[in-house]
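We name chains A, B, ... by the order of the sequence lines, and we start the count at 1 in each one. What you see is a predicted model; the values in this text were computed from it and never measured. Only heavy atoms go into these numbers, but all of them, side chains included; no hydrogens, no water, no symmetry mates.
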Amino acid sequence: MVDQTKSRIIEKNRLTELLDKLAQDYHLIAPVRDNNVSFRRVESGSEVTLDYINTVLSPKNAFFPQTETLFRFSRDDSRGFRTEPGAEADREQVIFGIRPCDARSLRLMDMVFNGQYKDSYYLDRREKTTLIGLACFDPAETCFCPTFGIDPASGEDVDILLSDIGDRYLVEASTEKGAALLDRFAEFFAELRGDEEQLREARKAGLAGMKKLDVSAIADKMAPLYEGDYWDSIGMKCLGCGICTYLCPTCHCFDIADVSLDEGGERFRCWDSCMFPEFTLMASGENPRPNRKARVQQRFFHKFKYFHDRNGELACVGCGRCLRYCPVNIDITQIIEDVTSGKAGNE
Amino acid sequence: MKATSEEVQTSVKKLFEDGSIGHFIGYETGSDSLHVTPCFLKSGQAASRLVWNPLCANNLSKYLLDFKNVEGKVGIMVKGCDSRSVVELLKENQIDRDKVFIVGVPCSGIVDREKLLEVLGISPGEVVAVEDDGDAFLVTIKGGTQRVDKEKVLRGECLVCKYPTPLVYDVLLGEAVSSLPWVGDDYSLIKEQEALSSEEKALHWNREFSQCIRCYACRNICPVCTCTECIFDKKAPRWISKANDVSENLVYHLVRAFHVAGRCIDCGECERACPMNIPLRSLNKKVEKDLLELFDYTAGIDVEQQPPLTTYQLGDLDEFL
Amino acid sequence: MSENIYLPRMATIQSMRPETIDVTTFRVTIDGSDGTGKFEYKSGQFAEVSVLGVGEAPISITSSPTRPEAIEFSIRRVGELTNALHELEPLDKIGIRGPFGNFFPLEEMEGQNLLIIGGGIGLAPLRSVILNVFDNRAKYGKIDIIYGARSPQDLVFTSEYKEWQAVDNTRLHLTVDRGDEEWKGNVGLVPTFLREINPSPENTISITCGPPIMIKFVIEALNELGFSSEHIITTLERRMKCGVGKCGRCNIGSKYVCLDGPVFTLKQLEEMPSD
Amino acid sequence: MAAPRIGVFICHCGTNIGGIVDVPQVVEYAKSLPYVAYAAANLYTCSEEGISSIKHAIKEYDLNRVVVASCTPRTHQPLFRNACADAGLNPYLFEFVNIREHCSWIHMQNRREATEKAKELVKMGVAKARWLDAQEEFESDVYPAAMVIGGGVAGMSAALNLANQGFEVHLVEKEPELGGRLLKLNRIFPINKDPSELVESIVKAVEGHSKIRLHMPAVVKAASGYIGNFDISVDEGGKEVSFKAGVIIVATGAQVLKPELYRYGELANVLTQLDLEQRLKDGKLGEFQNVVMINCVGARIPERPYCSRLCCMTAIKNAALMKEINSEAKVYVLYRDLMTYGVEFEEYYREVKEAGVRFIRYTPSNLPQVIGAERVESVRVYDELMDMELELPCDLLVLATPLIPNDDNEELSRILKVPIGDGGFFLEAHVKLRPVEFAMDGIYVGGSCRWPADIRESIAQGYAAASEAVIPLRQGLVKVEAITATVDPKICKGCGTCALVCPFDAIELKESEIRGLEGKIVSEVNTALCKGCGLCAAACPNGAVQQRGFTDMQLLSMVNALSGKR
Amino acid sequence: MQDTKEVQTEFKPKILAFCCNWCAYAGADLAGVSRFQMPTDVRVIRVMCSGRVPPELIIRALANGLDGVMILGCHPGECHYSEGNYLTRRRAHVLKRLLSYIGIEPERFQLRWVSAAEGAKFSAVVKETTDKITALGPNRWVDKR
C-alpha cells in the first residue's frame with residue numbers, strides 16, 4: 001500500500017534536474033554506462049543511466065571501496081613513525097538507483113562490519129549515506145531475489161524508493177532520513193494523483209514468473225555435503241578467478257597491505273577473494289584450502305551455511321551477478337536446487 | 001557439413017568404448033539456452049550431455065593442465081582457435097601429445113550473446129536454440145525462427161579468424177572450413193588506435209584500466225597463462241601492489257600482454273571473461289600485429305616453430321628513434 | 001568517527017634474544033605514558049604485530065600476563081613480515097594491535113594436573129601458560145611439559161629450562177628428532193615420546209601446540225592414553241589479516257580462528273568441518 | 001641470514017669527486033637510508049688507508065654488506081671485493097656505486113644537482129646491497145689434454161704447439177692423411193716454393209711426437225661437458241674411441257668451390273685454380289699457349305657475398321708459373337678487384353705484371369663469355385678500363401673460386417654447441433677482443449674454418465688458438481663464473497624458454513630429483529657452462545630463473561629506490 | 001593523470017638507463033674520463049648484458065612515474081655473450097610499440113647501442129634523451145602507491 005503521507009511523485013522530465021541538485025549537495029553515486037553499467041560518482045544528472053537491469057558491480061564500493069586507506073604513516077627522524085587514520089567519509093553521500101537486492105546486501109554487510117569490533121570506515125560511510133532505490137519490474141533471467149524473501153518492488157532496505165510507473169516515478173520514503181531528503185528537495189516532488197497504486201500493481205505483473213527457490217532448510221542440507229564429491233566437478237570447472245566474489249554484493253573479504261615510500265606510507269585494505277589460492281596460503285607454505293574444489297566449496301558453504309550459522313541469514317540476495325558473469329557458467333541457482341532437492345548428495 | 005551434437009556424442013562414446021580415452025572435456029548446455037558450460041566425462045555413458053553449437057565459446061584447452069597426472073588419455077574438443085593454444089601448450093611442454101586425444105571441430109563462428117540479444121531486441125529467456133546456417137545463424141525464439149547475419153552477431157575474434165579448422169587433431173568431425181568469407185583486415189581496429197595521438201591513447205587506456213577490478217579472470221582463463229606461480233602473486237619481489245589503481249592495473253595488463261606475446265592465439269577468452277568489458281584483445285592484437293610485421297611470426301601454427309622473442313635474425317629491424 | 005580498529009599502537013623493541021638460527025624472542029613495551037601503554041591480555045591470545053611499510057601478521061604472545069613489565073613474542077622467520085621483524089634492532093618501533101582471540105581456560109584448569117605438549121616454535125604460546133601457572137603454582141597440580149624439536153639447535157627458550165625444572169612438582173621432558181654428539185636427552189618424535197612417558201589422564205588437562213602433523217599424532221596418542229576430547233586443548237594457526245573477524249580468511253566452518261579461537265578443545269574441533 | 005647491516009663509504013677521490021659533490025652531505029644522507037649501519041667519507045677509498053678503514057669498519061660495526069661510492073667497478077671492484085674478503089666478508093656482499101665517471105666528472109658545472117644525483121645513486125646502491133647474497137666462486141679441474149680437430153696446417157701447428165708445451169693432444173683428422181688443403185697445392189706464394197717441404201716437416205714432427213695421439217681417419221661424433229672436462233667420442237675408421245680433453249681447438253679448414261659457371265665440368269680445358277695446381281704438381285698439364293684466368297668465380301655474388309681473399313694471390317701465383325713454364329704463352333687474368341694486401345703481395349703482383357701477365361678488369365654486370373663448342377677457344381670480355389670488348393684466344397681457362405665452408409660444419413657446430421655465422425663459417429666470440437675463441441669457454445678456433453686464411457695466417461691462428469687454449473691447461477683449474485643463473489624448481493614450469501635463449505647451452509630441461517618434486521620437468525643450469533649474462537632470467541615469465549648478483553629483487557629494488565619507494 | 005602543462009617550466013625528468021657492463025657502462029666511464037659534460041637527469045643501473053633487462057622492469061619503472069627508461073647495449077655483433085643484444089632488440093621493439101599503443105611516447109623508452117669506445121655517443125644519447133623527455137613533460141602514468 002502506498003503510504004499517502006510519506007509518498008510523492010516526480011515527473012520523469014524533472015529527474016535530471018533533481019540529480020543535478022543532489023550532486024551539488026552530496027557525493028552522488030549513480031549508475032553510469034561506459035563499457036558496462038556501474039555505480040560511479042557523478043557530477044551531473046546527465047551522466048546517469050536508468051536503462052539497465054542491474055549494474056555489473058554492486059554499489060558495495062561506496063561503503064567498502066576496493067582499495068581503502070586504513071591509516072597513513074610518516075617516518076620521523078629517529079626510528080619512529082607518526083600515524084594518522086585514513087580519511088573519514090568527507091561528505092554525506094546519496095546512492096541513487098540502488099536495486100532492492102543490493103540494498104538488502106548492505107544489511108548483510110552490516111552484520112560483518114558491526115559487532116564486537118566495529119569497522120569505523122564502513123559504518124561511517126553507511127551512516128552518512130542515503131539510499132534512493134529503484135524498484136525492479138523487469139528482472140533478468142538470472143535474477144532470483146524472491147528466493148531470499150526480497151520483494152524487488154519494495155523499499156524495505158532503502159530510504160527512498162522510486163517506482164517507474166510510466167510518465168512519473170512514485171517516490172516513497174521509508175525512513176526518517178528518506179523523508180528528510182524529500183522535504184529538503186520538496187520543490188521537485190508533487191502530490192500523488194491517485195492512480196499510482198494501480199499503476200504500480202500493473203507493473204508488478206512482470207515479476208510473476210521470477211525464480212523463487214526454497215532455501216528454508218538449505219543450511220541444514222549443506223552440512224552433510226562437506227564430505228563427498230558433489231563439489232568435484234564444480235571445482236574442476238572453476239577457473240579460480242575473482243569475478244563471482246568481486247561482483248557479489250555480499251562478499252566482504254579483504255586483504256591488508258602496506259605501501260612504503262621514502263617519506264612514509266600507508267596501510268590499505270583491498271578486496272580479496274576466497275577463490276584465490278593465496279587467500280589462505282600461510283607464510284609457512286601450508287594452505288588449508290589447497291585446491292579449487294576446496295575454495296569453491298568454501299564459497300558456497302559460507303553463503304549458505306557459515307554465514308547463516310553466525311548471523312542467522314543466508315549470504316546471498318539473488319542478484320544473479322555470479323551466474324551472469326561467470327566465464328564458465330557456474331550456476332548458483334542450480335547448486336541451490338541440487339542441495340535443497342538432495343540431488344547433490346546422491347551424485 | 002558441420003558436425004552436430006549427435007556426431008560428437010557418438011564419436012566420444014566410441015572413443016570411451018574402444019579405450020582411446022579415459023576422460024573427455026567438452027561442452028554441455030548451461031544455465032539457459034544461450035549458455036554452454038564445460039563438461040567433464042569419465043565414461044561414455046553421459047556422452048549424450050555433450051553439445052556442439054555456435055555458443056561453444058570456451059577454450060577448453062587450459063583444462064588439459066589439470067589432467068597431467070591422470071591415467072589414460074584425455075579427450076578434448078577443440079575449435080580452430082583452441083587447437084592453436086594446444087599447439088602453444090605442446091610447444092612449451094605443458095602437455096604431452098601422447099596423453100591427449102584431440103577431437104577437432106571446424107568452426108564457422110561463435111555467437112556474441114550480448115550482440116545477439118541487442119540485434120534481436122529480446123531477453124535471453126526467449127531464446128530456444130541457436131544453429132549455424134552458413135553466413136547466418138538460425139535463432140529459434142519462442143514462437144518462431146529468425147535468421148541473423150553472422151557479421152552482426154559474431155564474437156570479435158571470430159570476425160578476424162583465419163584458422164577456423166583445427167590445426168592439430170586426432171579426429172576431425174565435420175568438414176574442414178578453409179576460410180571465412182567475412183574475414184577482411186585483421187588489424188583495422190588496431191590501426192585506428194595506432195593513429196591516435198599519445199594523449200588520446202593515454203586517455204583512452206587510462207579510462208579502460210581504471211575500470212579493471214583485478215579479478216584476474218583474463219589471466220586465469222587464458223590458455224597460455226600456465227605459470228606455476230604468477231609473478232603478480234609473488235611477494236618477493238613484489239611486482240605489483242594489490243591496491244587497485246590505474247598504474248598498478250597498467251603494469252598488470254601490459255606485463256600480461258607481454259607475457260603472452262608470441263603465444264596469444266586470439267581465442268578471445270580474456271575479453272569474453274572480463275566482467276568490466278575492457279577491450280583486452282586490443283592489447284594482444286597489437287602485439288600480434290607487431291610480431292607479424294617485425295618477425296613474420298604467427299603463434300600457434302607449428303609446434304616446431306621457435307618463439308619469436310627467444311630468437312633473432314641479424315637483419316632484424318635496428319631503427320629505434 | 002569511532003575508534004579505528006586497524007590502527008596499531010606503536011611499541012618499542014627493548015631487546016631481541018636469539019633462540020635458534022631463525023627464532024628470536026622480541027621483548028616489547030607499548031609506547032605512551034598516559035595509560036595508553038597498558039596492554040591487558042591472557043595466555044593464549046595473540047596480537048597483530050606490524051612493521052610499518054611491510055605489513056602485519058598475527059603473532060601469539062609468549063610472555064605471561066603475570067609479568068607485566070613487557071610483552072614478549074617469539075617469532076620464526078618464515079615470510080615477509082617475520083623477516084622484516086628479524087631485521088630490526090632494539091629500540092626500533094613496531095606496531096601492535098590486540099590482544100585478540102580467546103585464551104586458555106586457566107581458571108577452569110585450576111586444581112588439575114597439566115600436560116603441556118609443544119613442538120618447535122609451538123612452545124611460544126605455551127610458554128605464556130607455563131610462566132602463568134608457575135606464577136600461580138599453588139593453584140595447579142602436577143605439571144608435565146613435553147617439548148620436542150627437530151634438533152637440539154631448534155629448541156627454544158633453552159636458557160629457561162633450568163629455572164622451569166626447579167619449579168615444584170614440575171617436570172620438563174625434552175626430545176629431538178635427530179640428536180647430535182652433545183645431545184644426551186631423548187631422541188624421537190613427540191607422539192612416540194608421549195607414549196613412552198605415558199601420563200595419566202586422571203584429573204589432567206592436556207594443552208598442545210606445534211606443527212599440524214605433530215598435533216594430529218599427539219591427539220591420537222592422547223586419545224589412546226584415555227584423555228577425553230574436552231580435556232585436550234590445542235591452539236590453531238591460520239592465515240589471518242584483520243584479527244577481528246572481518247577479512248574472512250581464517251574460518252574453519254562457521255568459526256573464525258581470530259575471534260572464536262585460536263584456542264579450541266578437541267571436542268570443538270571435532271564439530272568443525274575438516275577444513 | 002643476519003639482518004642487513006650496510007656500510008657505506010663515500011670517496012672524495014681527492015677533488016675529483018669531493019670538488020664537485022658535497023661528500024659530507026651524501027654521507028649524512030646515506031646514514032638515513034634503511035639498513036645503513038655505518039657511513040663515512042674517505043679521501044681516497046682505494047688508498048691503503050681507505051682500504052683499511054673499510055676492513056676496520058666491517059669488524060667494528062659488524063657490517064655484512066659494503067657499498068663503496070667512488071669510481072667505476074670496471075677498474076676498482078676487485079680491490080674492494082678483496083678488502084671485504086680480507087675482513088671476512090664474502091666479496092659478493094659488496095656493491096659499487098659510481099659517482100665519479102657517472103657523476104662528478106660529467107656534472108662539473110652543477111654542484112647542487114651532482115650532489116643530489118650522487119645521493120640517489122647511493123640510495124640505489126644501498127637498495128640493491130640490502131638484497132645481496134654471498135656467492136661462491138667454484139673452481140674446477142682442467143683435464144690436461146687437448147683435442148684438435150683438423151690435421152691441416154692450422155690444426156697441426158696448434159697441436160704441435162700444445163704438445164711441445166707438454167700437453168697431450170688428440171688430433172682428429174677426417175682424411176687418412178695429414179696436411180689438409182696444402183697437400184694439393186703446387187707452389188705457395190709469395191715464395192714460390194713447393195709446399196711439400198713445409199708439409200712434410202710439420203707432418204713428420206706431428207707424427208713423431210710422443211704427446212700427440214692421431215685419430216685418422218676419424219670424425220667427432222659426440223662431445224659433452226665444459227671447459228676442463230670435455231668427454232669426446234670419435235668414430236675412428238668405424239670404431240668408436242672415447243677420450244677426455246680439457247680444451248678443444250677447431251681447425252677443420254674449408255673447401256674450394258667447384259663452380260657451375262663458365263662451363264666448368266663440361267669442357268675439358270676449363271679448370272679451377274686448384275685443378276691447375278694438381279695438374280702442375282702431377283706434371284700432367286700438357287701444352288698451352290693462351291691462358292685465361294677468371295677471378296671471383298662464384299664469389300661476391302648475392303648468394304655468397306664475401307671475398308675469399310686468397311684467390312687473387314693464387315691466380316697471380318699461377319699466372320706467373322704459366323709464364324715461367326712457357327714464356328711465350330699469353331696469360332690473361334680477368335678480375336673484378338684485386339686483393340693483394342700487404343707489402344709483399346703488392347710487390348709480387350707488380351713483378352708478375354712486369355713479367356707480361358695481362359690483367360683485365362671486368363664488371364659483374366658484364367661477365368666474360370666462353371666461346372667454343374668442344375673446348376674453350378676464346379673468351380670474350382668487356383674491358384672496363386679501355387671501354388672496349390676484347391676476344392682473347394684461349395686454350396686453357398682457369399677459374400679462381402672462393403673457399404667455402406665445409407659441408408660438415410653444421411654437424412660439428414651442433415656437436416660442440418658453437419655457433420656458425422652467416423656464411424656458414426664458424427663464428428668467434430668477438431671479432432676483435434676474442435678472435436680465436438668461441439663464446440663457449442674452452443673451445444677455440446683457427447684457420448680457414450673460421451674465414452678463408454692463407455698458410456701464414458693459418459699457422460699464426462693455429463698458434464694463437466693454442467696459446468689461448470694453453471692458459472686453462474697450464475692453470476690446471478678454471479674459475480667458474482659466480483654470477484650465474486639459478487632455477488627455483490618449485491615454480492619452474494619447464495617451458496624451456498630459458499634454454500632457448502641461452503647462448504651457451506647451459507640450461508637443460510630435466511626431471512627434478514628434489515624431494516617432493518621428483519619427476520617434474522624443470523630447467524637446470526649447468527653452472528660450469530653458464531657465463532652469467534642473465535638472458536634466461538629476463539626471458540623467464542615468472543621469475544623462476546634468476547641471475548646471481550642481478551636478481552629481479554635487486555634490480556627492482558634499485559628501480560623502486562629511484563622512484564622513491566621502499 | 002597529471003596535467004602536463006602546469007609544471008612544464010620547472011620540470012626536470014627522471015630517467016633510468018640500464019647499461020651493459022661491457023659496452024655502454026664502459027662508454028659512460030669513458031665519457032666521464034673525457035669530462036664530457038651532460039644533463040644530470042640520467043641514473044645508470046649496471047647489468048651484465050642488455051638482455052638481462054626484463055620488460056616487467058621497464059613497465060614497472062614507467063608506472064612508478066619515472067619519465068624515461070633507456071637500455072644501452074653493445075652494437076649488433078659485438079655482444080660479449082654473442083647474442084644478448086639481438087634478443088634485447090626484438091623484445092624492445094615489441095615493448096616500445098606496445099607502450100606507444102597505450103600512450104607512452106616512444107621517446108620514453110629507448111634502446112641504443114653504445115660501445116665502450118663511444119664516450120661521446122653516450123654523452124650525446126644522454127643529452128638527446130633528456131632534451132626530448134623534458135620537452136614531453138612528465139610521464140602521464142604516475143603511480144601513487
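With hydrogens and angles ignored, the 3.5 Å screen pairs a side-chain donor or acceptor of Arg52(E) with a backbone N or O of Phe550(D). Remark: the backbone N or O of Asn560(D) is not paired with any side-chain donor or acceptor of Arg60(E) at under 3.5 angstrom. Judged by distance alone, the side chain of His107(D) and the main-chain N or O of Gln37(E) form no donor-acceptor pair under 3.5 Å.
For a residue to count as touching a neighbouring chain, one of its non-hydrogen atoms must lie under 4.5 Å from one of that chain's; by this rule Met124(D) touches chain E with the side chain only. For a residue to count as touching a neighbouring chain, one of its non-hydrogen atoms must lie under 4.5 Å from one of that chain's; by this rule Phe504(D) touches chain E with the side chain only. Only the side chain of Phe18(E) comes within contact range of chain D, with at least one heavy atom under 4.5 Å from a heavy atom of that chain. Looking at Cys20(E), neither its backbone nor its side chain comes within 4.5 Å of chain D, counting heavy atoms on both sides. When heavy atoms are compared at a cutoff of 4.5 Å, Val53(E) approaches chain D solely by way of its backbone atoms N, CA, C and O. Residue contact with chain E, scored on non-hydrogen atoms closer than 4.5 Å, is absent for Gln554(D). Contacts of Tyr81(E) with chain D are made by both backbone and side-chain atoms, with heavy-atom separations under 4.5 Å. Only the side chain of His102(D) comes within contact range of chain E, judged by heavy atoms closer than 4.5 Å.
Ranking Leu30(E), Val69(E), Leu16(E) against chain D, the residue ahead of the rest is Leu16(E), based on heavy-atom pairs under 4.5 Å. The most heavy-atom pairs under 4.5 Å with chain D, out of Gly119(E), Ala26(E), Cys79(E), Ala31(E), come from Ala26(E). Between chain D and the options Met48(E), Arg91(E), Arg35(E), the largest number of non-hydrogen pairs under 4.5 Å is found for Arg35(E). Considering only heavy-atom pairs separated by less than 4.5 Å from chain E, the leading option among Thr72(D), Thr75(D), Asn16(D), Leu121(D) is Thr72(D). Of the residues considered (Cys71(D), Ser563(D), Cys540(D)), Ser563(D) shows the highest number of contacts with chain E, using heavy-atom pairs under 4.5 Å. When Ala28(E), Gly77(E), Ala61(E) are compared by the number of non-hydrogen pairs under 4.5 Å with chain D, Ala28(E) comes out ahead.
The CD atom of Glu101(D) lies 13.5 Å from the CZ atom of Phe36(E); values are rounded to the nearest 0.5 Å. We find the CG-CG distance between Leu500(D) and Leu87(E) to be 10.0 Å, quoted to the nearest 0.5 Å.
Taking a cutoff of 4.0 Å between a charged side-chain nitrogen and a carboxylate oxygen, Arg100(D) and Asp29(E) do not qualify as a salt bridge.
The environment of NZ in Lys12(E) is crowded: more than 12 heavy-atom neighbours from other residues, nucleotides or ligands sit within 6.0 Å. The 12-atom threshold is not exceeded at CZ of Arg112(D), counting heavy atoms of other residues, nucleotides or ligands nearer than 6.0 Å.
The shortest non-hydrogen separation linking Pro503(D) to Ser82(E) is CB-OG, 4.4 Å. Residues Pro54(E) and Asp552(D) share a closest heavy-atom pair of CG-OD1, 4.4 Å. Considering every non-hydrogen atom in both Val501(D) and Glu83(E), the closest pair reads O-OE2, 4.2 Å. For Val559(D) against Leu66(E), the heavy-atom pair with the smallest separation is CG1-CD1, 4.4 Å. Among all heavy-atom pairs drawn from Lys117(D) and Val42(E), the shortest one is NZ-O, 2.9 Å. Listed here is the closest heavy atom pair of Cys533(D) and Cys49(E): O-CB, 3.5 Å.
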| task | Go through the steps for Val47(E) and Leu555(D) under the test side chain to side chain contact (heavy atoms under 4.5 Å, CB included), then give the verdict. | result | CA-CA 9 Å; Val47(E) 285; Leu555(D) 296 177; 4.1 Å; yes
| task | Assess whether side chain to side chain contact (heavy atoms under 4.5 Å, CB included) is satisfied between Ser123(E) and Ile106(D), documenting all intermediate values. | result | CA-CA 9 Å; Ser123(E) 145; Ile106(D) 57 173; over 6 Å; no
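A donor-acceptor pair shorter than 3.5 Å cannot be found between the side chains of Thr40(E) and Asn110(D).
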